[in-house]
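Quick notes on the structure that follows.
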Amino acid sequence: MQDLTFRVQRYLPGKDSKPYMQEFTVPMRQGLTVLDGLIYIKENLDNTLSFRSSCRMGICGSCGMLINNFPMLACHTPVEELNTDTITVKSLPNFPIIRDLVADLDPLFEKHRSIDPYIVMAETGDLNKLTAQFLQSGEELQSYLQFAYCVKCGLCMAACPTVSTDEFFLGPQPLCQGYRYCTDRRDTGAKQRFEKADSGHGVWLCHLAGACSEACPKGVDPALAIQLLKRAMVFDSLRLRKKPEPATPAQPIAESKPKIEVPEFTVKQ
Amino acid sequence: MRETKLKILQYITGIALFFFVGTHLIISHLGSEEVTEWTSVADRAANSGWLVFYIILLLFGLYHGIHGLRTIILEALPRLSVKSLDFTLVIIGLAIFGYALYIPVSAF
Amino acid sequence: MTTNATSGENRHLPNRLGIKGWIWGGNYTIERYLYTLHRITGLGLLLYITLHLVMNGFRLGGAESWTDLMSFFSGPGFKFGEYLVMAAFIIHALNGGRLILQHLGYTLGKPKPPVYPYVDSLRRRRPILWIMLFIIAALAIYVLVEFVT
Amino acid sequence: MEIVHDVVILGSGIAGLRAAIEAARVGNNDLDIAIVSRVQLMRSHSVCAEGGTAAVLHPEEGDSLELHAWDTVRGSDFLADQDVVKLFVGKCPEEIVQLDHWGIPWSRRPDGRISQRAFGGHSFDRATFAEDKTGFFEMHTLYDTLQKYDRVTRYDECYVTSILIDNGAFAGLTVWDLTSGEFFFIKGKALVIATGGACRMFGFTTYSLTATGDGLAMAYRSGIPLKDMEFVQFHPTGLIPNGILITEGARGEGGYLRNNKDERFMEKYAPSKMETAPRDIVSRSEMTEIMEGRGFTREDGLDYVHIDLRHLGADKINERLPLIREVAIKFAFIDPIEQPIPVRPAAHYFMGGIHTDIDGATPVSGIWAAGEAACISLHGANRLGSNSTAECLVWGKISGEKAALYAKAQKSLPPTPQQIVDDEEKRIFEHIGHGNGSEDLFALRLELQRTMDHNVAVFRNGTDMETALSKIRELRDRLKHVKVTDNSRIYNTNLMSLVETINLIDLAEVIVVGGKARTESRGAHSRKDYTERDDVNWLKHTLVYYNPDGEPHLDYIPANITMWKPVERKY
Ligand SMILES: Cc1cc2nc3c(=O)[nH]c(=O)nc-3n(C[C@H](O)[C@H](O)[C@H](O)COP(=O)(O)OP(=O)(O)OC[C@H]3O[C@@H](n4cnc5c(N)ncnc54)[C@H](O)[C@@H]3O)c2cc1C
Ligand code: HEM
Ligand code: SF4
Ligand code: F3S
Ligand code: FES
């Protein structure tokens with residue numbers, strides 16, 4: 001099989017004033033992912049190359065990079081999918097570069113935190129009183145499940161044109177997570193999140209470029225979540241939004257089957 | 001929710017502009033040559049129906065455009081203070097509106 | 001929750017795409033570039049309206065100066081400019097209509113658990129976009145014909 | 001530089017996050033809490049957990065706490081401490097409901113109640129699941145929930161290099177911040193170690209690249225004993241070629257294992273439970289099939305069997321096992337709806353870990369351990385699938401709570417052992433990785449993995465382990481010649497790999513030493529030269545103590561049998 005050319009962004013703080021590209025030749029094998037290629041480079045060609053990786057199965061979200069001018073997870077991208085043998089790898093745009101391919105995602109995490117991404121229960125107050133599980137219909141589950149797929153990789157933030165200029169724009173990931181919790185019936189904190197999304201750098205700076213959903217490796221579709229959030233906010237401010245019913249706790253049910261037998265204790269209690 | 005209300009207005013004005021500007025463009029650019037002649041222009045300015053039409057068009061167009069401009073400025077220059085930006089844009093908007101209103105009123 | 005006490009703002013090399021990211025940010029498909037087009041047409045229309053109003057100021061000079069102005073503006077260059085404004089309006093209006101609908105969550109469908117390979121709602125509803133672009137093109141051609149004849 | 005916090009949580013997997021939340025809750029704004037992780041918090045290995053979390057939720061349908069306890073004890077080949085098991089099964093249901101209140105998308109039954117699926121070794125369908133991304137959803141639910149506590153400081157990508165103990169009590173951690181390059185000391189009153197397992201010492205493993213057992217090695221070197229480390233679980237279904245897990249849920253949902261004759265070979269080994277027998281048994285069955293020539297062969301030696309999901313149908317696969325399908329398509333170019341998936345046993349879990357009591361407290365005051373890094377003796381010689389995320393939740397909570405209460409009671413902070421901190425900084429940046437360059441780090445690590453894969457895998461024997469031990473010691477010597485070419489302190493993954501490899505080698509030694517000594521077959525420790533379980537001599541836990549100048553020191557404590565005496569284990 002043919003060899004691959006990896007063009008990799010290098011940048012060492014303190015030494016380089018700006019990033020530059022370096023070329024490596026990596027032998028191709030079936031199923032090789034871009035991450036495998038980078039690991040090959042690190043272990044065999046240049047030990048100083050830095051990049052993030054952990055799960056190598058596309059679920060932890062560490063390895064977001066700009067691969068052939070599109071943000072992708074390196075471990076989740078078999079080279080075969082790229083249809084080329086020259087692979088350009090850069091760190092995620094719109095995030096500061098720490099070193100080589102390692103981008104600083106802290107701004108994303110802080111924005112995510114700022115939208116209150118957790119269940120707020122106003123009525124019942126204490127979340128920690130463990131009374132019973134809540135009932136949830138399939139439809140209710142589906143209304144947010146897709147958005148809960150988010151691995152917080154930041155690819156959507158690298159893709160969004162508004163993020164590319166506006167450092168304060170909340171951005172697709174945080175807004176999507178804001179909506180994910182608003183639409184969960186266990187939550188009653190929609191109002192407070194609406195207020196937060198309503199700032200001059202909030203939800204209204206999304207102009208449906210759709211690049212976030214295009215880039216998202218997990219099918220989260222943040223663009224959809226943001227538009228649904230806008231709709232909820234518009235309806236809410238016109239007082240047309242139906243007040244969602246609070247979640248119903250499950251009632252205990254009567255015994256329907258006999259206990260499965262457990263061997264007697266053989267040690268005296 | 002201030003931003004949401006402003007945006008709702010932009011949507012409403014957008015939809016309204018669809019008809020207003022549409023009509024205006026069809027009349028003045030696609031129609032016959034006469035519409036831009038002095039007499040017909042003056043006629044329409046004197047007709048209070050048309051006057052209201054133009055004032056609404058003006059208001060909506062200005063609001064819609066300036067709110068759009070505001071969005072773009074907020075994005076391109078995120079460090080700008082929202083308050084002073086809003087203030088400046090409102091002043092500019094009012095100035096243009098006043099000027100535009102003054103023309104038909106004083107010309108005829 | 002606060003972030004690591006040793007980290008700070010702007011510790012690392014900034015890498016924001018900036019305004020050029022509006023024009024070309026990478027290998028994306030059509031919506032991301034319609035974003036810019038909507039913007040340019042919107043700004044263009046705003047600029048045009050402002051000029052238009054200034055031009056209207058000539059009415060203050062009475063019939064004479066107005067007619068002068070109108071004949072000044074009937075040259076082919078200005079005709080073309082006028083056409084651009086019309087085209088911009090058509091694009092902005094139709095795309096704006098789509099945006100209003102979709103911003104309010106209409107035509108996008110409901111969220112559903114993604115099935116690999118993933119397709120997002122905008123791409124699932126691509127035909128809407130094609131129809132819109134087709135109408136835009138048709139109108140633009142119609143107006144062009146009107147202008148030339 | 002020195003930073004002070006009251007409670008320090010080391011590790012941000014399910015156990016670490018759960019501990020942090022509990023500490024913040026108990027602390028109630030009085031305690032200053034730090035959570036330190038070598039990755040960004042939500043990237044921890046726990047996101048990979050797929051199949052489910054065990055808990056008794058449906059007593060009305062025949063399940064009971066006793067049954068869960070019995071399954072766990074029997075699964076552990078009777079090495080589990082039964083008082084621990086009892087505590088565990090009682091707490092699991094609470095944790096499931098707690099997560100429900102925090103917003104996890106548990107998969108549901110048509111009536112809206114939380115759904116459960118079958119899992120290996122459980123006599124009732126009690127693996128609570130959220131599709132096949134249970135660990136992922138649990139992690140993110142916990143991470144999101146943690147966001148609401150103000151007095152938690154996060155240290156993302158801060159690699160801890162040592163745990164300092166002063167006068168028999170916790171003193172602090174030395175930390176290397178990868179993103180800023182700074183090296184500093186975090187001082188605290190209490191510590192919870194939740195650093196996960198160390199399966200990366202094996203080449204073919206289901207684990208993340210970052211699961212290198214640093215916490216285990218650091219605790220071990222600081223004098224805390226490691227318990228039962230010879231018990232390493234091999235998961236029956238690691239995807240060929242790179243070991244990514246095909247969840248046990250795939251078998252729980254009804255998938256078949258087949259050999260090259262297309263037979264469901266589990267009929268021979270566990271006729272009543274078939275594919276859902278405990279993992280040690282299924283893994284041994286697969287290896288037996290492969291060794292007796294009924295597997296499929298591959299050039300690179302990764303011979304395999306098939307797991308067949310086709311009869312489940314596209315809808316069920318997409319609804320219940322979407323990740324499995326995605327992973328199989330992406331990484332093996334196989335759509336499980338149309339083709340069987342090639343799998344073989346892969347290193348998957350450390351039953352052993354840091355020695356703790358039933359509360360997760362280590363012998364050192366002020367230090368707790370939770371999750372996979374701890375050995376509370378819940379899993380004994382073999383863990384049941386879905387018991388481990390449950391363990392992380394239960395003891396994450398307990399240890400977080402205990403640590404917070406301890407920190408509240410503690411008035412003063414320990415003194416800073418400045419000399420030791422400086423020495424540690426020298427060790428990391430000036431001492432290791434300054435060899436003559438005659439050895440290559442990555443080649444050595446590969447050798448370690450090969451050694452473990454070949455000699456300390458599903459089946460073991462005395463001579464193989466002897467070979468492994470001498471190889472491990474040889475590697476430790478050769479590691480001194482490694483030269484790290486990267487000399488930046490910022491995100492130097494080259495140096496970090498070296499530190500990891502040093503840790504892995506220490507742990508590999510512990511495993512082999514403990515395994516060599518244990519002359520019986522029990523659970524996951526299956527010896528070809530001692531094929532029987534020996535309850536007379538070996539119903540006890542191995543403790544391994546670090547010895548800076550020679551062989552590790554071995555000790556034993558009895559297993560705690562409070563409910564059922566050992567009987568023959570048959571499925
Ligand atoms: C593929 C797979 C599937 C699984 N499926 C299931 C399942 O279905 N059900 C089930 O019950 N169990 C399952 N398990 C097991 C379960 O996932 C793990 O046992 C559990 O997640 C361990 O969690 P933890 O919190 O103890 O550690 P981890 O999640 O491994 O976290 C370790 C943490 O420690 C940190 N850390 C480590 N070293 C350092 C250091 N030097 N400095 C700073 N921080 C450090 C890491 O950054 C990380 O945050 C599965 C495991 C695998 C591999
Ligand atoms: C035909 C009717 C029109 C419709 C339906 C319409 C619709 C819209 C909509 C929905 C937006 C919001 C885009 C977004 O936030 O993503 C918008 C933005 C904008 N519009 Fe219009 N518009 C119309 C006419 C006009 C006119 C006549 C002008 C000129 C004054 C104008 C100027 C702008 C500007 C400057 C923006 C901001 C662009 C941006 O934010 O990217 N629009 N328009
Ligand atoms: S929405 Fe998608 S692209 Fe964005 S952070 Fe989440 S998983 Fe990544
Ligand atoms: S790319 Fe950006 S503009 Fe909106 S739809 Fe996505 S957030
Ligand atoms: S390494 Fe985890 S997503 Fe790529």
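Letters go in sequence order (proteins before strands), and every chain restarts at 1.
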Flag the one option from [options] with the top tally of heavy-atom pairs under 4.5 Å to chain A.
options: D/Phe333, D/Tyr143, D/Phe136, D/Phe137; answer: D/Phe136
options: D/Lys330, D/Met496, D/Arg445; answer: D/Lys330
options: D/Trp70, D/Trp106, D/Phe124; answer: D/Trp70
options: D/Glu60, D/Met139, D/Glu131; answer: D/Glu60
options: D/Leu41, D/Val47, D/Leu209, D/Asp144; answer: D/Asp144

List the steps, then state whether side chain to side chain donor-acceptor pair (under 3.5 Å) holds for D/Ser107 with D/Ser115. CA-CA 6 Å; D/Ser107 293; D/Ser115 175; over 6 Å; no

Which atoms of [X] approach chain D - backbone, side chain, both or neither, heavy atom under 4.5 Å:
X: A/Leu12; value: side chain
X: A/His76; value: both
X: A/Pro263; value: both
X: A/Asn47; value: both
X: A/Thr248; value: neither
X: A/Arg99; value: side chain
X: A/Leu49; value: backbone
X: A/Arg113; value: both
X: A/Glu261; value: backbone

Whether over 12 other heavy atoms sit under 6.0 Å from [X] [atom1]:
X: A/Glu255; atom1: CD; answer: yes
X: A/Lys259; atom1: NZ; answer: yes
X: A/Lys196; atom1: NZ; answer: yes
X: D/Lys86; atom1: NZ; answer: no

Against chain A, label [X] side chain, backbone, both or neither, depending on which of its atoms sit under 4.5 Å from a heavy atom there.
X: D/Pro566; value: neither
X: D/Thr493; value: both
X: D/Ile96; value: neither
X: D/Pro59; value: both
X: D/Glu22; value: neither
X: D/Arg38; value: neither
X: D/Gln40; value: side chain
X: D/Trp564; value: both
X: D/Asn487; value: neither
X: D/Gln82; value: neither
X: D/Arg74; value: neither
X: D/Phe331; value: side chain
X: D/Asp71; value: neither

Among [options], who wins on heavy-atom pairs under 4.5 Å with chain D?
options: A/Glu80, A/Gln251, A/Gln177; result: A/Gln251
options: A/Ala247, A/Gly138, A/Ser53, A/Pro78; result: A/Pro78
options: A/Asp184, A/Thr77, A/Ile253; result: A/Ile253
options: A/Gly61, A/Gly14, A/Pro258, A/Ala250; result: A/Gly61
options: A/Pro252, A/Cys153, A/Ser50; result: A/Ser50
options: A/Cys150, A/Gly58, A/Ala254; result: A/Cys150

Determine the interplanar angle of the [X] and [Y] rings, folded into 0 to 90°, and report it as parallel if under 30°, tilted if 30 to 60°, perpendicular if over 60°.
X: A/Phe134; Y: D/His101; value: parallel
X: D/His45; Y: D/Tyr207; value: parallel
X: A/Tyr179; Y: A/Phe147; value: perpendicular

Distance alone, cut at 3.5 Å: any donor-acceptor contact between the side chains of [X] and [Y]?
X: D/Ser497; Y: D/Asn494; value: no
X: D/Glu157; Y: D/Thr179; value: no
X: D/Ser44; Y: D/Ser12; value: yes
X: A/Gln192; Y: A/Asp116; value: yes
X: A/Gln136; Y: A/Tyr144; value: yes
X: A/Arg10; Y: A/Gln22; value: yes

Which pair of heavy atoms, one from D/Ile324 and one from D/Asp132, lies closest together, and at what distance? N-OD2, 2.9 Å

So which heavy atom on A/Phe109 is nearest to which on D/Arg154, and how close? CD1-NH2, 3.3 Å

Can you pull out the residues in residues 239-247 of chain D with any heavy atom less than 4.5 Å from chain A? D/Asn242, D/Gly243, D/Ile244

From [atom1] ([X]) to [atom2] ([Y]), nearest 0.5 Å:
X: A/Lys42; Y: A/Thr48; atom1: NZ; atom2: OG1; answer: 7.0 Å
X: A/Cys75; Y: A/Phe51; atom1: SG; atom2: CZ; answer: 11.5 Å
X: A/Met157; Y: A/Lys152; atom1: CE; atom2: NZ; answer: 13.0 Å

I'd like to know if D/Asp156 pairs up with D/Arg43 as an ion pair, taking the criterion as any Lys NZ or Arg NE/NH1/NH2 lying under 4.0 Å from an Asp or Glu carboxylate oxygen. no

Before giving the answer on side-chain contact (heavy atoms from CB on, under 4.5 Å), spell out for A/Leu135 and D/Arg113 the whole-Å C-alpha distance, their side-chain angles and the decisive distance to 0.1 Å. CA-CA 5 Å; A/Leu135 294 177; D/Arg113 283 168 201 271; 3.7 Å; yes

Both conditions, 6.0 Å and 45 degrees, for the charged tip of D/Lys133 above the ring of A/Tyr149: are they met here? yes

